[in-house]
Structures are given as structure tokens and as C-alpha cells.
Amino acid sequence: MEKSIVSVSFVCLGNICRSPLAQGIFEDLLEREGLVEKVMVSSAGVGHWHVGAEPDARMQKTANDRGISLQSRAQQIQSSDFRGLDLILAMDQSNMDALLHTAPSDSAREKLKMFRSFDPEADGDLDVPDPYYGGDKGFDLVFNIVHRTCPKVLEYLREQHNI
Ligand code: 4NP
């Protein structure tokens with residue numbers, strides 16, 4: 001039987017820059033497409049350092065300037081979270097390595113994909129660069145990558161889950 005709600009989560013290191021942006025952009029897309037009731041979006045970090053924090057002020061500004069508001073609060077992914085998720089997207093390879101380690105089973109590991117495997121301009125580079133220790137240009141670059149890739153993720157979900 002077709003599941004009525006599909007659940008996707010974006011995962012980075014701290015859950016204050018890249019994955020909250022992906023969540024915000026994806027939520028905006030779902031609203032535009034009238035799919036808010038069909039797809040659940042979340043984000044998380046593989047690290048615990050920022051749990052409870054709002055997105056990094058630099059990421060919020062970059063997003064706000066482009067019409068996207070970020071509402072998430074940082075959380076750390078737990079192995080028990082895998083059960084409720086259909087698709088888990090790692091923002092870089094080190095996040096993927098941590099997720100492979102955290103996943104409780106082979107079927108959980110099958111839910112993992114690299115976010116940029118959906119990026120039409122990835123050109124072999126599957127990491128969304130970590131902007132945390134860099135300047136504003138890093139945040140713009142992250143925005144552009146995530147903004148062009150999210151619609152491709154949605155296309156994939158539509159095909160996979162008939163929505
Ligand atoms: P994010 O960025 O993984 O995109 O949220 C980072 C946030 C915090 C740190 C590193 C990356 N940190 O080292 O605290």
C-alpha cells in the first residue's frame with residue numbers, strides 16, 4: 001500500500017548551516033507545489049555541539065536575502081530516527097560516513113544518499129562545502145548548490161512515491 005506521508009531528512013555536521021538551509025528551501029518548495037501534507041521534512045546533525053540552537057546567523061541572513069526563512073532548531077540524529085524516515089541525505093562524505101556508522105541495519109543504510117548526487121552541476125564533487133569557518137562567499141555558494149538541487153530531490157520523491 002502507498003504510504004500517505006513521505007519523510008525526508010537533510011543531515012550535515014552541526015545542523016546549523018547546510019541542512020537547515022536545505023530544510024527551509026525544501027519546505028518552501030513543498031508549499032509552492034501544494035505538497036505540505038504529503039512530505040515531511042526535517043534536518044539533523046551528526047554532531048551534538050549545537051543541539052537546540054537556531055541556524056547560524058550568517059546562514060539565516062543569506063537565506064532571508066533570498067526569501068527563505070529558517071525555522072529549525074538543531075538536533076543530533078539518533079539511530080532510532082532512521083525508522084521513521086524514507087530518505088536521508090548527507091551533505092558531505094564525512095556526514096555520510098557518520099550516518100553509515102549510526103544506521104541500525106542494512107535496510108536503514110539503504111535510505112542514505114548523498115544530497116549532491118541530485119545536483120545537476122555536481123561534476124563529480126558530491127560534498128556541499130562546509131561554510132562554517134569561511135566568509136560570506138561560502139554561504140552564497142552553499143545557497144546556490146542547495147537551491148538548484150532541492151527541486152531534483154523533490155522530482156525523485158515524486159517518482160519514487162507517486163506523489
Ligand atoms: P553545518 O556547519 O554542518 O553545515 O551545520 C557547521 C556547523 C558547526 C561546525 C562545523 C560545521 N562546528 O565545527 O561547530
Side-chain angles (χ1 to χ4, degrees), residues 7-31 39-104 108-154 156-157:
S7 194
V8 58
S9 191
F10 301 94
V11 179
C12 61
L13 177 58
N15 193 210
I16 55 171
C17 298
R18 292 165 291 177
S19 60
L21 178 71
Q23 178 179 350
I25 289 177
F26 209 78
E27 284 169 346
D28 182 66
L29 259 180
L30 292 176
E31 247 171 62
V39 184
M40 262 184 64
V41 198
S42 59
S43 65
V46 298
H48 63 274
W49 309 283
H50 299 280
V51 166
E54 60 179 46
D56 185 284
R58 298 164 295 174
M59 193 77 266
Q60 287 199 53
K61 179 172 187 329
T62 302
N64 284 337
D65 288 351
R66 308 269 294 260
I68 302 288
S69 121
L70 306 182
Q71 302 295 335
S72 62
R73 291 295 175 270
Q75 51 181 352
Q76 183 183 27
I77 191 149
Q78 310 294 323
S79 53
S80 55
D81 294 332
F82 280 71
R83 189 201 309 243
L85 296 168
D86 298 294
L87 178 64
I88 303 162
L89 296 171
M91 304 310 272
D92 70 25
Q93 188 60 49
S94 68
N95 308 149
M96 175 60 95
D97 293 345
L99 286 163
L100 285 167
H101 189 73
T102 305
R109 275 182 281 277
E110 282 170 14
K111 298 176 178 184
L112 293 166
K113 285 187 187 297
M114 293 293 287
F115 176 75
R116 284 194 80 184
S117 65
F118 295 96
D119 179 359
E121 296 177 37
D123 207 17
D125 180 2
L126 293 189
D127 287 348
V128 180
D130 182 346
Y132 191 69
Y133 290 108
D136 288 347
K137 278 201 178 130
F139 287 88
D140 286 338
L141 175 62
V142 167
F143 188 96
N144 290 336
I145 292 170
V146 174
H147 188 255
R148 70 178 177 240
T149 302
C150 277
K152 304 296 178 188
V153 174
L154 183 55
Y156 171 79
L157 284 181

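All ligand and atom numbering here is 1-based and tracks the order in the structure. For this chain, numbers begin at 1 and follow the sequence in order. Everything quoted here is computed from the prediction, not taken from an experiment.
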### Query
Do N15 and S43 have a side chain donor and acceptor closer than 3.5 Å?
yes
### Message
When you compare the side chains of S79 and T102, does any donor N or O come within less than 3.5 Å of an acceptor on the partner?
### Response
no
#### Entry: Side-chain donor or acceptor of K111 paired with backbone N/O of F82 under 3.5 Å
yes
### Query
Any side-chain donor paired with an acceptor under 3.5 Å for Q60 and T62?
no
### Task
Report yes or no: is the cationic atom of R18 (NZ for Lys, CZ for Arg) under 6.0 Å from the centre of the six-membered ring of Y132, at an angle within 45° of the ring normal?
no
### Task
Measure from the side-chain N and O atoms of D125 to the backbone N and O of A122, and report whether any donor-acceptor pair falls under 3.5 Å.
no
### Query
So which protein residues pack against ligand 1 under 4.0 Å, heavy atoms counted?
C12, L13, G14, N15, I16, C17, R18, H50, D130, Y132, Y133
